[in-house]
Amino acid sequence: MSFVEVLDELPLRKSPLVRRFEQLISSKDDVQFDRMAQLARQVTLRNFGRTMRLFAPLYLSNECINNCRYCGFSRDNPILRVTLTVDEVLEEAHYLRNKGFRQILLVAGEHPKFAGRDYLAKCVRLLAPDFPSISIEVGPMSTDEYVPIVRAGAEGLVVYQETYQRSVYAELHTAGPKRDFNYRLECAERAYAAGFRRIGIGALLGLWRWEDEALALAAHIEYLLRRCWQAQITVSLPRLRPAAGGFHPLFSISDRDLAQLLCALRITFPQVGIVLSTRERASLRDALVSLGVTMMSAGSHTEPGGYTGRATRNLHRTIRGRIVPPDFQDGEDQLATGQFEINDDRPADVIAETLREQGFDPVWKDWEQALIA
């Protein structure tokens, strides 16, 4: 049975594990929540110790062929766009390497003309000597398209379903290949078949009721743990942030609910990695660290060229599919538009020191490709 079928039957047929998870995310009083938090801490320490993987996203392109109502990169947004040249990618990567990073996530808007298989494979191949852990977060591809990227040195793939609710998904994705709900849903399995050893999934919290998204996410994790058992599975819980286009979500999830969801995931899936991004404010990230987080982004930029500020040569706007020269207002930064506004803008070294003060060990590198050579 594919996960498409599992998801479609989820309202009527939940596994025992998902039912236990459902109980964990139900309303809890303070005493019950504290017990969950203590158990989550114990489970995390038992399985991961006090280590915290640090990584940085490196945005390659903000070109996109999809219309997604909530995303700053949506093709109808008249934003400043750019795709980094390979030399500019190397400059951005050199900046991150000097900051201590050895784990990076290559991110691009979903446009195969600008950030397709060959471009990605070339970027990965050139970065691999300096970054033993390279993951990608790009438009879903076929297994055959993923293989050259894996062979070039990429070990991880991240793909968020955004929302697991079919009707909501159809309403939010109005044009482009991303409208194919099932193709995106099966992306993780195609990536696993291509050889990725880390698979990351998640739902964008705020597009629908968080409890429903959490149940579907838990069912997806359970499915992948059985189907893709040789890969490490990670899960992310990104909350919507302000972005170009001015999308205003009808749903929200409170800090308390987010913390409870994180604890429920850790208790239910003891060995699954949990990612916390700079979408969240610094004080909340510091508080959530001990509840089950195993991987954090730091010092992030969500615009191509954001680390060096040098990717201006091919900067342009796209209006109704037509490329036009940029027009700048007085005092406006001549940078590409970011995907969303980050919340925790602390430098990576400050975050690392804060982790140490909390008794955690920041890990800049936890994998070496030579081990499998």
Side-chain angles (χ1 to χ4, degrees), residues 52-62 64 68 70-74 77 79-82 84 89 92-93 95-101 103-110 135-138 158 160 162 200 202-207 234-249 252-255 258-259 262 274-289 293-311 332-355 362 364:
M52 183 66 64
R53 291 180 64 209
L54 295 179
F55 76 98
L58 196 169
Y59 277 72
L60 305 174
S61 173
N62 59 356
C64 196
C68 307
Y70 52 85
C71 183
F73 290 174
S74 184
N77 287 338
I79 62 172
L80 288 168
R81 300 184 188 268
V82 74
L84 303 186
V89 172
E92 292 279 290
Y95 174 94
L96 292 172
R97 192 181 191 283
N98 286 343
K99 295 296 181 181
F101 289 103
Q103 305 176 87
I104 56 172
L105 173 66
L106 303 182
V107 188
E110 300 188 11
S135 297
I136 63 170
E137 184 180 342
V138 298
V158 175
Y160 300 150
E162 317 296 18
L204 185 53
L205 302 177
L207 300 179
T234 63
V235 60
S236 184
L237 306 171
R239 292 196 287 187
L240 274 169
R241 291 284 299 149
F247 178 78
H248 295 288
S252 63
I253 174 173
S254 68
D255 292 351
L258 181 65
L262 196 157
I274 298 179
V275 183
L276 187 62
S277 81
T278 50
R279 289 174 179 265
E280 305 300 337
R281 67 185 186 279
S283 59
L284 181 62
R285 293 211 325 155
D286 293 346
L288 293 177
V289 159
V293 177
T294 59
M295 188 173 179
M296 298 175 67
S297 54
S300 304
H301 280 269
T302 69
E303 67 275 16
Y307 295 109
T308 63
R310 297 175 185 168
E332 182 180 2
D333 291 335
Q334 296 187 20
L335 295 172
T337 304
Q339 187 176 25
F340 55 86
E341 295 179 11
I342 65 169
N343 217 338
D344 183 356
D345 59 0
R346 292 175 295 177
D349 58 344
V350 172
I351 291 177
E353 183 56 34
T354 301
L355 288 168
W364 301 91

(message) Using only atom types and a distance under 3.5 Å, with no angle test, would you say the side chain of N62 pairs donor to acceptor with the backbone of A336?
(response) no
(request) Evaluate the side-chain proximity of L207 to L240: yes if any heavy-atom separation is below 4.5 Å, no if none is. (result) yes
(message) For V82 versus A311, what's the shortest heavy-atom pair and its separation?
(response) CG2-O, 3.9 Å
(message) I'd like to know if the side chain of E92 and the backbone of Y307 have a donor-acceptor N/O pair within less than 3.5 Å.
(response) yes
(message) Between the side chains of D286 and R346, is the shortest nitrogen-to-carboxylate-oxygen separation below 4.0 Å, so that they form an ion pair?
(response) yes
(request) Grab the two heavy atoms, one from I79 and one from A244, that are nearest each other, plus how far apart they are. (result) CG2-CB, 3.7 Å
(message) Quick check: closest heavy atoms across A108 and L60, and the distance to 0.1 Å?
(response) CB-CB, 4.4 Å
(request) Please list, chain by chain and in numerical order, all residues satisfying ring-ring contact (aromatic ring centres under 6.0 Å, His included) with F340, sequence neighbours excluded. (result) none
(request) State which residues pass side-chain contact (heavy atoms from CB on, under 4.5 Å) with S254; sequence neighbours excluded, sorted by chain then number. (result) R256, D257
(request) Evaluate the side-chain proximity of Y95 to L58: yes if any heavy-atom separation is below 4.5 Å, no if none is. (result) no
(message) With side chain to side chain contact (heavy atoms under 4.5 Å, CB included) as the criterion, how do L54 and L355 come out once you've worked through the C-alpha distance, each side chain's angles and the decisive distance to 0.1 Å?
(response) CA-CA 11 Å; L54 295 179; L355 288 168; 3.9 Å; yes
(message) Could you check whether any side-chain heavy atom of V293 comes within less than 4.5 Å of a side-chain heavy atom of V275, counting everything from C-beta outward?
(response) no
(request) Check whether any side-chain N or O of T337 sits under 3.5 Å from a backbone N or O of L80 as a donor-acceptor pair, and report yes or no. (result) yes
(message) Donor-acceptor pair, distance only, cut-off 3.5 Å: does the side chain of N343 make one with the backbone of R279?
(response) yes
(request) Give a yes or no answer on whether the side chain of S135 reaches the backbone of L105 with a donor-acceptor pair at less than 3.5 Å. (result) no
(request) Answer yes or no: is there a donor N or O on one side and an acceptor on the other, between the side chain of T278 and the main chain of D344, under 3.5 Å? (result) no
(message) Would you compute the distance between atom CD of E137 and atom OH of Y160 and round it to the nearest 0.5 angstrom?
(response) 5.0 Å
(message) Looking at every non-hydrogen atom in both residues, tell me the closest pair between I351 and G299 and how far apart they are.
(response) CD1-N, 4.3 Å
(request) Taking atom types as modelled, find out whether Y59 and Q339 have a side-chain donor-acceptor pair closer than 3.5 angstrom. (result) yes
(request) Compare all side-chain heavy atoms of Y70 with those of E162 and state whether any distance is below 4.5 angstrom. (result) yes
(message) With rounding to the nearest 0.5 angstrom, report the CG to CG distance, L258 to L284.
(response) 6.5 Å
(request) Would you name the heavy atoms of S277 and S297 that are closest together and state the gap between them? (result) CA-OG, 3.2 Å
(message) Quick check: closest heavy atoms across C68 and S74, and the distance to 0.1 Å?
(response) N-OG, 3.1 Å
(message) Return the OG to CZ distance between S61 and R81, rounded to the nearest 0.5 Å.
(response) 8.5 Å
(message) Can you tell me how far apart CE (M296) and CE (M52) are? Round to the nearest 0.5 Å.
(response) 6.0 Å
(request) Please collect all salt bridge (Lys or Arg N to Asp or Glu O under 4.0 Å) contacts where either partner lies in residues 235-248, sequence neighbours excluded, each pair once. (result) R239-D255, R239-E280
(request) With rounding to the nearest 0.5 Å, note down the distance linking OG1 in T308 to NE2 in H301. (result) 9.5 Å
(request) Kindly compute the distance separating CZ (F55) from CZ (F101), expressed to the nearest 0.5 Å. (result) 9.0 Å
(message) For a side chain to side chain contact (heavy atoms under 4.5 Å, CB included) check, start with the C-alpha distance between I274 and T234, then their side-chain angles and the critical distance, and finish with the verdict.
(response) CA-CA 6 Å; I274 298 179; T234 63; over 6 Å; no
